[in-house]
Amino acid sequence: MKFSKKIIDWYSVNKRSLPWRETKNPYYIWLSEIILQQTQVKQGLPYYEAFVANYPTIFQLAEANESEVLKLWQGLGYYSRARNLHASAKYVTNILNGVFPDNYKDLLNLKGVGDYTASAIASICFNEATAVVDGNVYRVLSRYFGIETPINSSKGTKEFKLLAQELIDKKKPAEFNQAIMEFGAIQCKPQNPDCHVCPFTKGCIAFNKNKIADFPVKLKSAKAKKKYFNFVVFISNDNKTILEKREGKGIWQNLYQFPLIETNKEINYEAFKNLVENHKLIQKQPFELSLYNEEVIIHKLSHQHLYTKFWIVSLESKITGAIPIEEITDYAVPIVIGNFLESFNF
DNA sequence: AAATCGGGGGA
DNA sequence: TCCCCAGATTT
């Protein structure tokens, strides 16, 4: 039996029931695909429900403010996805007159839509036979065909896309693409795949060489760098605080944070007190300094480990430009700050 | 080609 | 600890 038929048969029996499988509306499929980039279904599901509820159509998403979209995205990470989602909604609404792109090539013009997402939308919504290659597909194909080319090399990218494109059922591209991803997600898993009930073991090179755990091959990535973040939580005598918008390049772009003082190593109470005395919002007026977390919080991102301290600075005066404490929850903040807000008693 | 961009969860 | 997740974009 052909690979494509076998995987589609498996899918018809084993597929999970998921909300985005009940529609072919390109807006909903696009939304789900962006949310699910580098994100497990379990983590992305509540966000999908929230976005559909808040923005039932792409026009409503286009009319929203970016700050509102980021607030809804808060906690999901990779925030450029949210910014690009919003920008593309405006693009489709205002430039394309509300007509969603209906083919692979045009879909690539949407910000945040690359080869994978364009292939997914084109196949699922418009029956275009273009193969998806996500983390699941890399794993399934590398194991079954015993391919040792690193999946995160440019050679690997081309090789796996070409192979997937040869395998795809050109009459059922939507089913094939979703089938191979679902198979990778719930059966041909990274750890402890369910080979004992797998219909592909007879032809699976990795299985027959007893080398399942050796696939896929991947180049090592650089180790995370350590950074030392000191958030300054001002509290004025009228119960207000300072939040700043993160501008520029790095992480958490356009999200809000307490004023940040980054140091090149962990800093103790006395040293930080000297530092903060010169802060523009202090100006030598009396203040009380306390450290919220005696144990440094290590917030781990893919490429950075943030050694984080929250310093509470209480003032006996008002602060210009400050916001009332109770309004903080209106702002999109990184989850490390969101966690602080939930546990700190202002 | 390599680095960057989050956060959660599993072993 | 390290690795992975319905990847895309920038450097």
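Scope of the values below: all heavy atoms of this structure, side chains included, with no hydrogens, waters or symmetry mates. By convention in this document, chain letters (A, B, ...) are assigned in the order of the sequence lines, proteins followed by strands, and residues within each chain are numbered from 1. Predicted model, so just to flag it, every value in this text is computed and none were measured.
- In this structure, W20(A) has its ring center under 6.0 Å from that of Y48(A).
- Using a 4.0 Å heavy-atom criterion, one finds that S302(A) contacts the bases of the nucleic acid, with or without backbone contacts as well.
- When distances are taken from the side chain of L18(A) to each of dA6(C), dG7(C), dA3(B), the shortest belongs to dA6(C).
- Across all their heavy atoms, A131(A) and N177(A) have their closest contact at CA-OD1, 3.6 Å.
- Of all heavy-atom pairs spanning T149(A) and F160(A), the tightest one is O-CE1, 3.8 Å.
- Using a 4.0 Å heavy-atom criterion, one finds that N177(A) contacts no nucleic acid atom at all.
- Counting any heavy atom pair closer than 4.0 Å across all strands shown, W20(A) reaches a base atom.
- Straight-line distance from the OH atom of Y104(A) to the P atom of dG7(C): 15 Å, rounded to whole Å.
- If you check dG7(C) for Watson-Crick or wobble pairing at under 3.5 angstrom, you find it paired to dC5(B).
- Backbone-only contact: V41(A) has heavy atoms under 4.0 Å from sugar-phosphate atoms and none from a base.
- Taking every side-chain heavy atom of T39(A) into account, dG6(B) is the closest of dA11(B), dG6(B), dT4(B).
- Using a 4.0 Å cut-off, no side-chain N or O of H299(A) falls inside it from OP1 or OP2 of dG6(B).
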Show the numbers, then the answer: is there a salt bridge (charged side-chain N to carboxylate O under 4.0 Å, His left out) between E66(A) and R83(A)? CA-CA 7 Å; E66(A) 186 189 90; R83(A) 297 192 302 270; 5.3 Å; no
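- When the C1' atom of dA8(C) is taken as reference, atom NE2 of H303(A) falls 13 Å away, rounded to whole Å.
- Rounded to whole Å, atom P of dG7(B) lies 9 Å from atom CD of Q74(A).
- Contact check, Q38(A) against dC5(C): no side-chain N or O comes under 4.0 Å of OP1 or OP2.
- An OP1 or OP2 oxygen of dC3(C) is reached within less than 4.0 angstrom by a side-chain nitrogen or oxygen of K220(A).
- Residue contacts shown for G44(A) are absent, as no nucleic acid heavy atom lies under 4.0 Å away.
- Put simply, CD on Q37(A) is 16 Å from P on dG7(B), counting in whole angstrom units.
- Residue R83(A) places none of its side-chain N or O atoms closer than 4.0 Å to OP1 or OP2 of dC5(B).
- At the phosphate of dA3(B), neither OP1 nor OP2 sits under 4.0 Å from any side-chain N or O atom of K225(A).
- Put simply, S32(A) has no side-chain N or O that comes within less than 4.0 Å of OP1 or OP2 on dA6(C).
- One finds a side-chain N or O of Y79(A) lying less than 4.0 angstrom from the OP1 or OP2 phosphate oxygen of dG7(B).
- Looking at heavy-atom distances under 4.0 Å, K223(A) makes no contact with the nucleic acid at all.
- G184(A) comes within contact range of no nucleotide atom at all, as no heavy-atom separation falls under 4.0 Å.
- Atom-to-atom, CD of Q40(A) to C1' of dC5(C) comes out at 5 Å; the value is rounded to the nearest Å.
- Here F100(A) and Y27(A) keep their ring centres 6.0 angstrom or further from each other.
- Dashed line: the shortest gap from a side-chain N or O of K189(A) to OP1 or OP2 of dG10(B) is not under 4.0 Å.
- Remark: side-chain polar atoms of R81(A) are not paired, donor with acceptor, to backbone N or O of G112(A) under 3.5 angstrom.
- A centroid separation of 6.0 Å or more is found between the aromatic rings of F234(A) and F258(A).
- With both ends at atom C1', the span from dA6(C) to dA3(B) equals 23 Å, rounded to whole Å.
- Atom CG of L70(A) and atom C1' of dG7(B) are 16 Å apart (whole Å).
- Contact annotation for Q178(A): no contact, since no heavy-atom pair falls under 4.0 Å across all strands.
- Taking atom OH of Y138(A) as the reference point, atom C1' of dC5(C) lies 14 Å away to the nearest angstrom.
- For W252(A) and dG7(B), the shortest distance from a side-chain N or O to OP1 or OP2 is below 4.0 Å.
- Nearest nucleotide to the Q43(A) side chain, out of dA6(C), dG8(B), dC5(B): dG8(B).
- When heavy atoms are screened at a 4.0 angstrom cut-off, K42(A) is found touching no nucleic acid atom at all.
- Between the CD1 atom of I35(A) and the C1' atom of dG7(B) there is a distance of 15 Å, rounded to whole Å.
- Residue R21(A) is classed as a base contact, given a heavy-atom separation below 4.0 Å to a base.
- The same atom, P, is picked in dT10(C) and in dG6(B); the two are 14 Å apart, to the nearest Å.
- The nearest heavy atom of DNA chain C to K300(A) and to G114(A) marks one nucleotide each, and the one closer to the 5' end goes with K300(A).
- For the pair G250(A) and N152(A), both in contact range of DNA chain B, the more 5′-proximal nearest nucleotide belongs to N152(A).
- Taking the six-membered ring wherever Trp is involved, the centroid distance between the rings of F231(A) and W311(A) does not fall below 6.0 Å.
- Using a 4.5 Å cut-off between side-chain heavy atoms of Ile, Leu, Val, Met, Phe, Trp and Tyr, with links allowed through other members, L341(A) and I235(A) fall into the same hydrophobic cluster.
- Of all nucleotides listed (dA2(B), dC5(C), dA8(C)), dA2(B) comes nearest to the side chain of L219(A).
- Closest to the side chain of Y78(A), from the set dC4(C), dA2(B), dG7(C), is dG7(C).
- With distances taken from any side-chain atom of N136(A) to the nucleotides dC5(C), dA11(B), dG7(B), the minimum falls on dC5(C).
- Contact of Y116(A) with dG7(C) (side chain to base): no donor-acceptor pair of N or O atoms is detected under 3.5 Å.
- Nearest-nucleotide positions on DNA chain C for D115(A) and K249(A) put D115(A) closer to the 5' end.
- At the heavy-atom level, V113(A) lies under 4.0 Å from the strands shown only through sugar-phosphate atoms.
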